Protein chains: 2
Amino acid sequence: MRPKNLEKEQAIRTMALDIIANEGMENLTMQKLAKAANVSPRTIYIKYDDKEDLLIKLFIYEVLAPYEAAVLDGFTEDMDFSIGTKKLWMNTFTYLKNNRSHFALLQHSKTSPLLHKAYQQENIVQGQYFAPIHRFLTAKAKAGIIKDLPFDIQRALLMSPLIDLVSEYFDHTTRPVQIITEDVIMQCCEIVMSGLLTNK
Amino acid sequence: MRPKNLEKEQAIRTMALDIIANEGMENLTMQKLAKAANVSPRTIYIKYDDKEDLLIKLFIYEVLAPYEAAVLDGFTEDMDFSIGTKKLWMNTFTYLKNNRSHFALLQHSKTSPLLHKAYQQENIVQGQYFAPIHRFLTAKAKAGIIKDLPFDIQRALLMSPLIDLVSEYFDHTTRPVQIITEDVIMQCCEIVMSGLLTNK
DNA sequence: CAATTATAAGTAAATGTTTATTTATTTATA
DNA sequence: TATAAATAAATAAACATTTACTTATAATTG
């Protein structure tokens, strides 16, 4: 029996992410993708049930899982608040900076009903990738180090400026100077943390 | 000559925003929109050149302009940092909370190449709606009240958690309790501001 | 001041194109 | 040589946009 060509599988995934990043999800068509990946349209259907299946698997397995793993790499719940938070920020910045198309799909997952649904289902099935962060913040709040707020609010205060700064980073790649550097990111992390601390 | 039916024009715009908010931009079709607005497809083309023109005009005139006006309502550059920032937060929260479909399109404008392009062009043409906020923050930084950082970074630190909290607000409309209240928003505003202040 | 007319607004149905998906066939290798 | 992988080409549905026509009313006329 003829074996799978794994390079073709990878080409389909990579080109799908590229097209979405450069032209948006509404401009990804199966025939355009097939041409870009140098593959027959039928080949995509050997690997995925349909377009929806492709998009969901692309999002979950190609983007979300490696992203969340990268964010948590070297992070442990028992870290000091400042050390742990900086670790999360640096991990996130480094991963997204080096994976523009992944960042693009993550952003799309906030507005696409399809991906949003997939995300919520995945969260339930996998029992929260981000549970360590949840426990990390809950422990710091209990210890009186940071303000005691619902997790979703803590996460918004602590992490959403970083996502915005990554957007700025990519906007600035088309301009003469890059203002979003690692130093700036660390400085912003300090600022965001200081707002959440209890001891002023 | 037969006069325009302004109700039909409004129905087209309102239903377009509704479809985008509920089904995403990739699921807005001209025939679906025509049916939803109780109008012939041709009628849409009397008012807009094509789908692209519809989306751009919808975004700029129906969403972006009223949104930016609402955010700046009652705000002046010479306000105290805390008062001014709270005003911006409250204006933004109130407007978006009451205009879910506008919020949805604003979120789409971050990922849709079409809308992103429209936004950048509009910013140039209109000479920055947000210039007052720029001058407000620059003045506070110059006066040594807040940290001296590039405007885009200040804006990310100060406003992006709010947008995330609005997302949370809408997520929570489908759950038993609403944790994102005006009080919580004001508390978060204080936290975000405190991180940016120079005098600790 | 009615009746008529010119004209843009509006419609139903059609058109040609693009799209997701399938059919029929070939290819590579265990 | 059996079998899944892969392809080129076809198909049917969905789509943006247009054609050919009807309608409502402001302006004009008798």
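Predicted, not measured: the structure shown is a model, and the values here were computed from it. Lettering of chains follows the sequences in order, A, B, ..., and the numbering in each one begins at 1.
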If I take atom [atom1] in residue [X] and atom [atom2] in nucleotide [N], what distance separates them, rounded to the nearest angstrom?
{"X": "A:I46", "N": "C:dA28", "atom1": "CD1", "atom2": "C1'", "value": "13 Å"}
{"X": "B:K47", "N": "C:dG10", "atom1": "NZ", "atom2": "C1'", "value": "9 Å"}
{"X": "B:Q31", "N": "C:dT17", "atom1": "CD", "atom2": "C1'", "value": "13 Å"}
{"X": "A:R42", "N": "C:dT21", "atom1": "CZ", "atom2": "P", "value": "12 Å"}
{"X": "B:K35", "N": "C:dG10", "atom1": "NZ", "atom2": "P", "value": "20 Å"}
{"X": "B:N38", "N": "C:dT11", "atom1": "CG", "atom2": "P", "value": "8 Å"}

| So which nucleotide from C:dA9, C:dA13, C:dT21 ends up closest to the side chain of A:P41? | C:dT21
| Which atom of A:K147 lies closest to which atom of A:T198, heavy atoms considered | N-CG2, 3.6 Å
| task | Taking all non-hydrogen atoms of both residues into account, name the closest pair between B:L33 and B:I19 and its distance. | result |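 Heavy-atom minimum between the residues: CA-CD1, 4.0 Å.
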| said: Whether the A:D78 and A:T76 side chains hold a donor-acceptor pair (N or O, under 3.5 Å, no angle test) is what I'd like checked. | reply: yes
| Is there a donor in the side chain of B:Q120 and an acceptor in the side chain of B:K117, or the other way round, less than 3.5 Å apart? | no
| Which nucleotide span of DNA chain D, 5' end to 3' end, has atoms closer than 4.0 Å to non-hydrogen atoms of chain B? | D:dC15 to D:dA26
| field | B:Y119 and B:F59 aromatic ring geometry - parallel, tilted or perpendicular at 30°/60° bounds | value | tilted
| request: May I ask you to decide if the ring planes of B:F75 and B:F136 are parallel, tilted or perpendicular, using 30° and 60° as cut-offs? | output: perpendicular
| message | Give the residues of residues 5-27 of chain B touching DNA chain C, defined as any heavy atom closer than 4.0 Å, sorted by residue number. | response |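 Per residue number, the list reads B:N5, B:K8.
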| said: For B:K57 and B:E52: C-alpha separation, side-chain torsions, deciding distance, then whether salt bridge (Lys or Arg N to Asp or Glu O under 4.0 Å) applies. | reply: CA-CA 9 Å; B:K57 288 196 172 134; B:E52 200 171 305; over 6 Å; no
| Salt-bridge criterion met for A:D164 and B:R155 (N-O under 4.0 Å) | yes
| field | From B:E7, B:K8, B:R13, residue fulfilling side-chain hydrogen bond (donor to acceptor under 3.5 Å, both in side chains) relative to B:Q10 | value | B:R13
| query | With a non-hydrogen cut-off below 4.0 angstrom, is B:T43 in contact with a base, only sugar-phosphate, or nothing? | reply | base
